[in-house]
Amino acid sequence: MVDELRQTLEHVGERFNLGEYEIDAYLAVLEHGELTASEIADSTDIPQPRVYDTVRSLADRGLVELRESRPMKIVAVNPEDSFGDIQASFAEMVSELEARYTAPTRDTEAVSLVKSRSTILRYIEEIITTAEYEIALSLTPDLLRRFAPQLREKTADGVTIELLVTPASRAPDPAEFDYLSVATIARARRGITTPVLAVADGEYSIYATQDALRDDQDRYGVIFNRSALGFLVSGFFGTVLWTTAETLAADGRDRPFPRRYASIRRAVKDIRELGGEFYATVEGRNIETGNSIVIQGKVVDVAFEDTEEVASFTVETPDGPVEIGGLVAALEDIESREIRIGRNEPPGQIDN
């Protein structure tokens with residue numbers, strides 16, 4: 001039985017181990033019935049030099065036929081013929097796999113490498129769904145559509161979402177796609193060099209190149225599993241990616257207070273842009289002693305540069321003014337871990 005299960009798994013794996021280029025090419029051929037390599041390149045985002053390797057990979061899996069003519073023709077194969085031989089065994093295979101499955105503990109290392117498109121996608125979804133109050137995302141248009149239902153649910157729950165779509169040339173038109181249903185603010189950035197990333201509440205995060213999601217070559221994603229090191233990804237997103245992108249849609253003014261922030265940059269921007277009196281409750285640590293501390297009081301000053309490399313604010317306390325910085329702060333008094341901003345009084349009384 002074990003040998004039969006292994007053979008079924010190998011058979012299924014051969015058919016479904018498809019990269020993004022292979023999926024795009026396969027769907028294009030299915031839709032048209034027959035295409036040349038040039039026509040596939042024109043109707044997809046597959047670079048011309050990669051088309052021949054891609055279609056030969058599909059042919060090896062029995063998903064298309066290649067007709068050696070000038071030019072070569074790529075011909076669709078009926079999906080029933082391509083996949084019919086595995087349909088009957090698939091349900092049985094899943095049942096047997098479930099019987100063998102032992103749920104893993106998810107408290108893995110603080111930092112780990114993951115390989116394969118499916119694993120990276122699973123982590124992105126988990127990061128989105130576990131976020132409590134703040135998400136930073138850099139997604140391709142295809143990934144945006146894939147995770148739109150989860151993002152809509154988080155937006156409806158009041159989670160702040162900064163969404164970067166890349167490459168900008170393929171970003172959905174704001175006139176046709178409701179960005180504000182999936183994000184608090186959305187921007188687009190040029191270039192396929194922009195990485196895919198997701199950060200939940202400043203801690204749980206993933207970083208991967210677009211190439212890692214395009215195929216199954218030797219490329220990896222990096223997971224920061226609810227680690228303080230997640231600020232590295234968040235900081236890179238805020239200072240390098242976000243500041244070099246163009247706004248598609250924004251709507252943060254009507255969200256109610258109090259608000260929670262993992263990123264001091266976002267907190268300071270809201271204070272500056274919305275104006276009026278604000279009060280803060282900050283959970284963090286003293287940068288000199290490392291001792292945990294909670295600071296509460298009225299916000300009396302902010303410091304912010306348009307490059308977003310500098311962001312801090314000052315809180316008036318009974319012991320005098322205290323300057324609040326972000327993670328790994330050195331110039332301010334306090335390194336903030338979690339910030340809560342309210343209108344009339346310091347919100348969310350946090351117990352020491």
Side-chain angles (χ1 to χ4, degrees), residues 12-13 16-20 22-24 27 94 97-98 101-167 170-172 177-187 189 194-216 219-227 229-234 236-237 241-242 262-263:
V12 172
F16 288 105
N17 190 22
L18 302 177
E20 185 173 327
E22 291 163 320
I23 292 171
D24 289 346
L27 293 177
V94 171
L97 290 174
E98 288 179 343
Y101 174 68
T102 300
T105 58
R106 297 306 299 273
D107 294 331
T108 57
E109 295 84 357
V111 181
S112 56
L113 297 178
V114 295
K115 184 180 179 183
S116 88
R117 183 174 187 272
S118 60
T119 303
I120 293 171
L121 293 177
R122 177 170 59 81
Y123 272 101
I124 293 175
E125 181 174 9
E126 183 172 287
I127 288 169
I128 292 172
T129 57
T130 57
E132 295 182 10
Y133 55 93
E134 186 176 277
I135 303 174
L137 284 170
S138 172
L139 300 177
T140 64
D142 289 340
L143 292 181
L144 170 58
R145 296 183 182 94
R146 179 188 183 100
F147 295 117
Q150 294 91 331
L151 292 173
R152 289 190 183 98
E153 182 175 341
K154 285 297 177 179
T155 300
D157 289 342
V159 175
T160 298
I161 301 176
E162 286 188 340
L163 170 67
L164 187 69
V165 184
T166 180
R170 292 177 50 207
F177 184 88
D178 185 6
Y179 282 100
L180 297 183
S181 71
V182 298
T184 310
I185 180 171
R187 293 184 178 182
R189 190 174 190 267
T194 304
V196 170
L197 62 82
V199 186
D201 303 330
E203 292 186 342
Y204 192 14
S205 60
I206 184 171
Y207 177 103
T209 65
Q210 291 191 38
D211 286 339
L213 289 160
R214 188 171 292 118
D215 51 45
D216 287 319
R219 295 182 173 89
Y220 295 82
V222 184
I223 306 295
F224 296 89
N225 190 29
R226 295 180 177 84
S227 162
L229 292 176
F231 84 90
L232 294 172
V233 182
S234 181
F236 174 76
F237 174 86
L241 302 184
W242 192 252
S263 165

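For the numbers below, each heavy atom of this structure counts, side chains included, while hydrogens, waters and symmetry mates do not.
Tested against Arg170 for a side chain to side chain contact (heavy atoms under 4.5 Å, CB included), the candidates Asp142, Val165, Leu144 yield a single pass: Asp142.
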Step-by-step side-chain contact (heavy atoms from CB on, under 4.5 Å) determination, Leu143 to Leu121: CA-CA 9 Å; Leu143 292 181; Leu121 293 177; 3.3 Å; yes

Show the numbers, then the answer: is there a side-chain contact (heavy atoms from CB on, under 4.5 Å) between Ile135 and Val199? CA-CA 6 Å; Ile135 303 174; Val199 186; over 6 Å; no

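A distance of 10.5 Å separates CD in Glu125 from OG1 in Thr130, rounded to the nearest 0.5 Å. Between the CG atom in Leu163 and the OG1 atom in Thr155 there is a gap of 9.0 Å [rounded to 0.5 Å]. For the atom pair Phe147 CZ and Ile124 CD1, the distance stands at 5.0 Å (nearest 0.5 Å). For the atom pair OH (Tyr123) and CD1 (Ile223), the distance works out to 5.5 Å, reported to the nearest 0.5 Å. With rounding to the nearest 0.5 angstrom, the OG1 atom of Thr184 is 6.0 Å from the CD1 atom of Ile161.
Closest approach of Val159 to Tyr133, counting heavy atoms only: CG1-C, 3.6 Å. Closest heavy-atom contact between Leu151 and Leu137: CD2-CD1, 3.4 Å. The two residues Phe236 and Leu197 make their nearest non-hydrogen contact at CD2-CD2, 4.2 Å. In terms of heavy atoms, Gly221 sits closest to Ile120 at N-CD1, 4.1 Å. The shortest heavy-atom contact between Phe237 and Glu162 is CE2-OE1, 3.5 Å. Residues Ile127 and Ser205 come closest through the heavy atom pair CD1-C, 3.5 Å.
Under the salt bridge (charged side-chain N to carboxylate O under 4.0 Å, His left out) criterion, Arg146 pairs with no residue at all, not counting sequence neighbours. In terms of the salt bridge (charged side-chain N to carboxylate O under 4.0 Å, His left out) criterion, residue partners of Glu132 (sequence neighbours excluded) are, by chain and number, Arg260. Phe177 meets the ring pair (Phe, Tyr, Trp, His ring centres under 6.0 Å) test with Tyr179; sequence neighbours excluded. With sequence neighbours left out, Ser138 forms a side chain to side chain donor-acceptor pair (under 3.5 Å) with no residue at all. When the side chain to side chain contact (heavy atoms under 4.5 Å, CB included) test is applied to Asp178, the partners found at least two apart in sequence or on another chain are Leu180, Ser181. Every residue two or more places apart in sequence or in another chain that forms a salt bridge (charged side-chain N to carboxylate O under 4.0 Å, His left out) with Glu134 is listed here: Arg266.
A donor-acceptor distance shorter than 3.5 angstrom exists from the side chain of Lys154 to the backbone of Ala131, with no hydrogens or angles considered. Panel note: side chain Gln210, backbone Thr194; a donor-acceptor pair is recorded below 3.5 Å. Not a single donor-acceptor pair under 3.5 Å links the side chain of Asp201 to the backbone N or O of Ala262.
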